[in-house]
J.: 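First the structure, then my questions, so here it is.
These values consider heavy atoms only, across backbone and side chains, with no hydrogens, waters or symmetry-generated copies. Quantities reported herein were computed from a predicted structural model and do not represent experimental measurements.
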Amino acid sequence: MKWLTASWNNLKTRLVGMFLLFSVLLVFSVSLLIHNQADDALQVSVENRLTNVALLKEAELNRWAESNKSTLRALAQRPLMREYSVQLIKNENSSDADRIRALIIQDHLLPSLAAAGGFQDISLIRAEDGLILASSNPDLEGKYRESKEFFLQGREGTYLGRPEFFLGDERPVLHISTPLQSPQGETVAVLAGHTDLDEISKIMTQHREFSRTQDTYLINKANLMVTESRHTPDSAHRIFVFTDGAEQCLKGNSGSGLYLDYRQISVVGIYRWLPAWQMCLLTEQDEAEAFGLISELTRSTLGIGLLVTMLGVAGGILFSRSITQPLRELSRGVEEISRGNLDPSGGSGYQRRTGRAGQEF
């Protein structure tokens with residue numbers, strides 16, 4: 001301990017220590033300030049980017065739905081389609097029924113099905129009782145849909161359903177329907193289409209190659225994942241999501257935050273409630289990837305801080321020398337004077353009085 005006390009009592013050691021302490025405090029303060037500001041700025045940037053992705057997906061999803069609704073409306077407004085539908089309803093049990101049905105399917109339903117790009121099948125349903133009179137899928141003809149919401153709503157106007165399990169199908173389907181009126185303006189039938197939910201999954205997965213962990217998916221009001229997640233194969237209609245983001249979204253809110261996703265991994269998440277779909281859209285990115293730049297910035301800041309500290313120590317050494325060297329010389333001069341030598345540089349007192357040997361001033 002004596003050598004430590006002696007070193008601390010040494011002026012040079014004190015000066016170097018003060019420079020070192022000042023450098024460390026400066027580097028720590030600047031690093032902490034930069035880290036906090038960068039962390040806040042990066043989180044805002046990540047959330048803005050994910051929000052833009054979510055808005056883009058929502059817009060594309062709505063565009064897809066509007067395109068399919070427009071297809072059905074255009075089909076329902078064709079003069080021949082309206083005329084054939086009225087004839088089929090009036091002559092359902094006649095010998096002409098099969099011929100009229102074939103004209104409807106071959107000239108209208110199948111071409112519209114091929115052009116739409118989103119329907120699996122399109123059916124003509126009698127408005128009176130929900131009987132499927134004609135369909136691009138022959139297995140559906142002769143069945144009734146009188147109690148189904150898409151039929152009831154489709155008699156009143158163009159209706160966009162929600163993904164749901166439907167009797168006879170092995171997977172959830174989404175229906176779009178619209179009324180078909182006679183030339184006199186009476187609603188005589190409903191055009192309804194099963195949409196391909198794989199198309200919605202494709203919309204959700206587009207442009208995710210720019211990130212290793214970014215994921216966008218839909219969940220319904222039962223917390224069930226409706227579209228595929230990049231992290232889990234065949235996740236649609238199998239995985240239930242009970243995250244903080246999902247909980248807030250299913251309350252009808254839209255926002256963002258840090259939370260654990262369905263894999264229990266921390267993510268930056270954007271959630272949006274889609275009223276027209278009665279579903280939640282979630283766009284998420286792993287926190288580790290989203291804030292990876294912060295780690296790089298921290299390492300860079302620490303490297304610069306180490307360099308600054310070394311320069312501070314070197315500066316402290318040089319500064320201490322510039323102070324301690326004159327003090328040492330002064331101390332030696334005082335010691336010489338105390339011994340009676342009035343010329344600490346080595347000359348005699350007589351020489352200092354006379355200016356040169358043997359001659360006084």
Side-chain angles (χ1 to χ4, degrees), residues 61-90 92 97-98 100-183 185-200 220 226 237 276-279:
L61 185 63
N62 290 333
R63 185 209 60 78
W64 175 84
E66 287 300 323
S67 175
N68 285 311
K69 288 195 289 185
S70 295
T71 297
L72 279 187
R73 284 195 293 262
L75 178 60
Q77 292 170 5
R78 290 181 182 179
L80 283 179
M81 181 67 188
R82 298 165 68 182
E83 181 180 338
Y84 289 156
S85 297
V86 171
Q87 291 181 16
L88 182 60
I89 291 171
K90 289 181 177 180
E92 178 193 354
D98 289 340
I100 299 172
R101 183 179 295 106
L103 287 174
I104 291 175
I105 295 173
Q106 296 297 325
D107 294 349
H108 300 281
L109 299 187
L110 290 179
S112 296
L113 187 67
F119 288 113
Q120 292 178 321
D121 55 65
I122 300 176
S123 301
L124 177 69
I125 308 174
R126 189 163 60 192
E128 180 183 358
D129 55 7
L131 174 66
I132 299 178
L133 297 173
S135 176
S136 60
N137 180 1
D139 294 336
L140 297 178
E141 293 178 359
K143 296 181 179 180
Y144 286 86
R145 298 292 185 259
E146 72 281 0
S147 62
K148 298 303 178 182
E149 186 176 9
F150 71 86
F151 167 71
L152 298 174
Q153 296 288 342
R155 292 190 301 186
E156 306 300 325
T158 303
Y159 170 75
L160 171 67
R162 293 178 293 277
E164 58 182 341
F165 284 95
F166 199 70
L167 186 63
D169 292 285
E170 297 180 355
R171 56 181 300 175
V173 295
L174 183 149
H175 291 90
I176 297 176
S177 55
T178 196
L180 184 146
Q181 297 178 337
S182 68
E186 177 188 2
T187 298
V188 295
V190 171
L191 282 176
H194 289 94
T195 60
D196 187 354
L197 292 184
D198 288 341
E199 293 295 320
I200 299 179
N220 62 18
V226 174
H237 322 301
W277 296 82
Q278 292 294 292
M279 291 192 293

J.: Within the 4.5 Å heavy-atom criterion, are Phe119 and Ile176 side-chain neighbours or not?
T.: yes
J.: Do Leu180 and Met81 have side chains that get closer than 4.5 Å, going by heavy atoms?
T.: yes
J.: Mind listing the side-chain donor-acceptor pairs of residues 103-111 below 3.5 Å, one per line with the distance, residues two or more places apart or on another chain?
T.:
residue, atom, partner, partner atom, Å
His108, ND1, Arg78, NH1, 3.0

J.: Is any side-chain heavy atom of His194 closer than 4.5 Å to a side-chain heavy atom of His175?
T.: yes
J.: What pair of heavy atoms forms the shortest contact from Ser112 to Leu75, and how long is it?
T.: OG-CD1, 3.6 Å
J.: Backbone N or O of Phe151 within a donor-acceptor pair of the Ser177 side chain at under 3.5 Å?
T.: no
J.: Does a side-chain heavy-atom distance below 4.5 Å link Ser135 with Lys143?
T.: no
J.: With rounding to the nearest 0.5 Å, note down the distance linking NZ in Lys69 to OG1 in Thr195.
T.: 12.0 Å
J.: Please report the interatomic distance OG(Ser147) to CG(Leu152), rounded to the nearest 0.5 Å.
T.: 7.0 Å
J.: Would you find a donor on one side and an acceptor on the other, under 3.5 Å apart, between the side chain of Arg101 and the backbone of Ala134?
T.: no
J.: Is the shortest side-chain heavy-atom distance between Val86 and Pro183 below 4.5 Å?
T.: yes
J.: Kindly compute the distance separating CD (Glu156) from OG1 (Thr178), expressed to the nearest 0.5 Å.
T.: 11.5 Å
J.: Evaluate the side-chain proximity of Leu191 to Leu124: yes if any heavy-atom separation is below 4.5 Å, no if none is.
T.: yes
J.: Could you tell me which residues satisfy salt bridge (Lys or Arg N to Asp or Glu O under 4.0 Å) with Arg73, sequence neighbours excluded, listed by chain and number?
T.: Glu66
J.: Under the salt bridge (Lys or Arg N to Asp or Glu O under 4.0 Å) test, which residues partner Arg126, sequence neighbours left out?
T.: Glu92, Asp129
J.: For side chain to side chain contact (heavy atoms under 4.5 Å, CB included), just list the numbers for Leu133 and Ile89, CA-CA rounded to whole Å, side-chain angles, deciding distance to a tenth of an Å, and then say yes or no.
T.: CA-CA 8 Å; Leu133 297 173; Ile89 291 171; 3.6 Å; yes
J.: Okay, side chain of Arg155, backbone of Val190: is any donor-acceptor separation there less than 3.5 Å?
T.: no
J.: Quick one: are His237 and Leu197 in side-chain contact, heavy atoms under 4.5 Å?
T.: yes
J.: Within the 4.5 Å heavy-atom criterion, are Val226 and Ile200 side-chain neighbours or not?
T.: no
J.: Looking only at heavy atoms, what is the nearest atom pair of Leu160 and Ala276, with distance?
T.: CD2-O, 4.2 Å
J.: Identify the two heavy atoms, one from Ser123 and one from Ile132, that lie closest to each other, and give their separation to 0.1 Å.
T.: CB-CG2, 4.0 Å
